[in-house]
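Step one of this worksheet: look at the structure below.
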Amino acid sequence: MTNDSRRRSVPTKETETPPEEKERRSNGEQREVRWVQIRLIPIWLRVVLVVVLIVMAAILGAMVGYSVIGEGKAMDVFKPETWQHIFDIMNGKE
């Protein structure tokens with residue numbers, strides 16, 4: 001492993017920034033070069049992905065629960081009559 005591929009420590013007040021990590025301005029002044037990290041996946045896309053995954057998990061959970069535990073057909077989960085029946089049971093109408 002070469003020195004260039006190793007991670008360098010961040011300079012503190014006690015240590016001086018090496019000259020190769022400084023950049024000269026046109027007026028002769030030196031300033032530190034700061035590295036900016038670019039995110040591979042933006043935050044808004046992460047939020048959208050989490051929401052989509054939650055919805056997919058809820059749909060798959062309802063299908064598995066209705067077909068395996070409830071011994072019905074998995075696609076019946078998408079019928080409004082099924083949900084009306086479930087809500088009627090929950091509200092004590094049946």
Those residues that, when tested against R34, pass side-chain contact (heavy atoms from CB on, under 4.5 Å) (two or more places apart): none
Cluster overlap V52 with L60, hydrophobic side-chain contacts below 4.5 Å: no
I59-I69 co-clustered via ILVMFWY side chain contacts under 4.5 Å: no
Qualifying side-chain hydrogen bond (donor to acceptor under 3.5 Å, both in side chains) pairs with a residue from residues 66-81, counting only residues at least two apart or across chains: D76-K79
ILVMFWY cluster, W83 and M90 together (side-chain gap under 4.5 Å): yes
I41-V51 co-clustered via ILVMFWY side chain contacts under 4.5 Å: no
Of all pairs that satisfy side-chain hydrogen bond (donor to acceptor under 3.5 Å, both in side chains), the ones with a partner from residues 84-93, not counting sequence neighbours: Q84-D88, H85-E94
Members sharing V50's hydrophobic cluster (side chains within less than 4.5 Å): I54
Heavy-atom closest pair, residues M63 and V77: CA-CG2, 3.8 Å
With P42 via side-chain contact (heavy atoms from CB on, under 4.5 Å) - residues at least two apart: W44, L45
Under 4.5 Å side-chain linkage, directly or through intermediates, the cluster mates of V68: V64
Other residues, nucleotides, ligands: >12 heavy atoms within 6.0 Å of L53 CG: yes
